[in-house]
Amino acid sequence: MKYITLNDGIKVPAMGLGTYKIEDEKTMDEVINAALDFGYEYIDTAKFYNNEEFIGKALKNSSKKRSEYMLATKVWPSDFGADKTKRSIDESLKKLDTDYIDVIHLHWFGEDFDKSWKVFMDYKDQGIVKSIAVCNFMPEQLAKLFEVGEKPSMDQLESHLYLQDPETINFLKENNITHQAWSPLARTQGGILEEEILNKLADKYNKTPAQIALRWHIDRGTMIIPKSVHKERLKENIDIFDIELDESDLNSLASLDKKKRFSGDPLDQEWLEKARNM
């Protein structure tokens, strides 16, 4: 495993486990235990995913100590505002059955984000959360957050070979904010894993196209949280730390950028308003 040190000094693994849309308790138990066996040390969830309680139970029943894994969760825009954010975090702590959260995110930009961010900073001071971060914040939204106080340690964004967004990635680097990618394989949509360059590199490194696509993130300094409910995929995803793509490979993969999203646009006001009312 490779590790990344965040701007607050917290060290995180370069790969974690995504859990979006795993809403069945039995499946979650199987996924968590398989992931821990394969060496995953970081589990990403959110209140919005409706699975925190399943994760808490699976971890409590596992052989791992709390110090052997990290937990990240998120506060949805409908819970922004001081009191609602406190309640959201407290509920997450209860459902995850833990005394602290390693990383807490604002899930999207939205009204009263500043009040929620102040709660995050306060909870960090108390040690209830270790690191404070955001999801789906673009540079202009981050600039507004900077005015509130502490910079986030991470920004979790939809990122994959079809959506490379070098401008935002450079902004994050300039501000010492770690880029974290959700949907790092574009949910295998659009024929991404059939791309010729990916398959050529898979042959070169004796890996699968998916492994090359995931390693591309690592080699540009990004933390990734791929999700799967299949044991063989969980094992395949994490088996990428014995290779390193060279500069010519990275340049070739840059040609796949289509600036294509498969989910909500963080700057789409209609979507942000919809999210706030969910």
Side-chain angles (χ1 to χ4, degrees), residues 6-8 10 12 16 18-20 42-52 70-93 95-96 100-159 165 168-169 171-172 175-183 222-223 225 261 263-278:
L6 305 179
N7 60 20
D8 54 16
I10 301 292
V12 296
T19 63
Y20 180 51
Y42 186 105
I43 299 160
D44 177 87
T45 184
K47 182 181 179 183
F48 185 74
Y49 299 171
N50 292 316
N51 60 18
E52 291 174 316
M70 303 183 79
L71 280 171
T73 193
K74 311 175 188 76
V75 175
W76 191 254
S78 59
D79 286 323
F80 285 2
D83 291 340
K84 289 192 289 185
T85 293
K86 290 176 183 178
R87 186 160 54 247
S88 178
I89 298 174
D90 292 346
E91 288 174 355
S92 291
L93 286 163
K95 289 180 178 179
L96 290 167
Y100 66 94
I101 294 168
D102 294 281
V103 184
I104 188 79
H105 297 256
L106 297 179
H107 209 146
W108 292 86
F109 182 81
E111 184 179 348
D112 290 333
F113 76 92
D114 53 332
K115 297 175 183 176
S116 296
W117 194 245
K118 289 175 181 177
V119 172
F120 278 21
M121 291 189 291
D122 178 50
Y123 271 46
K124 182 181 177 183
D125 288 342
Q126 295 180 56
I128 300 171
V129 300
K130 305 301 182 182
S131 189
I132 58 177
V134 296
C135 296
N136 307 303
F137 273 54
M138 300 303 283
E140 51 264 62
Q141 297 164 332
L142 285 167
K144 294 179 180 179
L145 185 71
F146 295 167
E147 297 175 1
V148 180
E150 185 176 339
K151 285 185 178 180
S153 61
M154 288 191 281
D155 189 2
Q156 186 186 119
L157 299 162
E158 178 185 355
S159 301
D165 196 2
T168 297
I169 305 311
F171 179 87
L172 295 178
N175 285 278
N176 195 24
I177 298 169
T178 295
H179 171 225
Q180 188 183 63
W182 61 265
S183 195
T222 296
M223 180 185 176
I225 48 169
R261 294 186 181 278
S263 189
D265 184 342
L267 295 177
D268 182 345
Q269 293 303 314
E270 185 177 340
W271 157 246
L272 292 176
E273 183 63 24
K274 178 182 178 183
R276 191 171 71 87
N277 292 305
M278 285 183 179

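This chain uses plain numbering: 1 for the first residue, then up along the sequence. Small disclaimer: the values here were computed from a predicted structure and weren't measured.
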Do the non-hydrogen side-chain atoms of [X] and [Y] ever get within less than 4.5 Å of each other?
| X | Y | value |
| --- | --- | --- |
| Trp182 | Asn136 | yes |
| Lys95 | Thr73 | no |
| Tyr123 | Lys86 | yes |
| Asp155 | Leu142 | yes |
| Asp165 | Glu158 | no |
| Leu272 | Gln141 | yes |

Contacts table for residues 76-84: side-chain donor-acceptor under 3.5 angstrom, sequence neighbours left out:
{"residue": "Trp76", "atom": "NE1", "partner": "Ala275", "partner atom": "O", "Å": "2.7"}
{"residue": "Ser78", "atom": "OG", "partner": "Met278", "partner atom": "O", "Å": "3.2"}
{"residue": "Asp79", "atom": "OD2", "partner": "Lys47", "partner atom": "NZ", "Å": "3.0"}
{"residue": "Lys84", "atom": "NZ", "partner": "Ser78", "partner atom": "O", "Å": "3.2"}

Main chain of Ala72, side chain of Asp102: is a donor-acceptor contact present, judged purely on distance under 3.5 Å? no
So which atom in [X] and which in [Y] form the shortest heavy-atom distance, rounded to 0.1 Å?
| X | Y | value |
| --- | --- | --- |
| Tyr49 | His107 | CE2-CE1, 3.9 Å |
| Asp8 | Lys130 | OD2-O, 4.0 Å |
| Gln180 | Ile225 | NE2-CG2, 4.1 Å |
| Pro152 | Phe146 | CD-CE2, 3.9 Å |
| Trp117 | Val134 | CZ3-CG1, 3.9 Å |
| Thr85 | Val119 | CG2-CG1, 3.8 Å |

Quick check for you: to the nearest 0.5 Å, what is the distance between [X] atom [atom1] and [Y] atom [atom2]?
| X | Y | atom1 | atom2 | answer |
| --- | --- | --- | --- | --- |
| Leu6 | Ile132 | CG | CD1 | 11.5 Å |
| Asp114 | Ser116 | CG | OG | 8.0 Å |
| Leu145 | Asn175 | CG | CG | 11.0 Å |
| Glu111 | Phe113 | CD | CZ | 11.0 Å |
| Leu157 | Ile169 | CG | CD1 | 6.0 Å |
| Ile101 | Ser131 | CD1 | OG | 12.0 Å |

Regarding Glu273 and Arg276, does a basic nitrogen lie under 4.0 Å from an acidic carboxylate oxygen? yes
Please tell me whether Asn51 and Thr45 have a donor and an acceptor in their side chains that are separated by less than 3.5 angstrom. yes
Are a donor atom and an acceptor atom from the side chains of Lys151 and Asn7 found within less than 3.5 Å of each other? no
So for atom [atom1], which belongs to [X], do other residues, nucleotides or ligands contribute more than 12 heavy atoms lying within a distance under 6.0 Å?
| X | atom1 | answer |
| --- | --- | --- |
| Lys118 | NZ | no |
| Gln126 | CD | yes |
| Lys115 | NZ | no |

Testing Trp108, Phe109, Phe171 one by one against Phe137 for a ring pair (Phe, Tyr, Trp, His ring centres under 6.0 Å), which residue passes? Phe109
Residue pair Glu52, Ser92: steps toward the side chain to side chain donor-acceptor pair (under 3.5 Å) verdict: CA-CA 7 Å; Glu52 291 174 316; Ser92 291; 2.7 Å; yes
Would Asp44 and Lys74 count as a salt bridge (charged side-chain N to carboxylate O under 4.0 Å, His left out) here? Give the steps. CA-CA 9 Å; Asp44 177 87; Lys74 311 175 188 76; 2.7 Å; yes
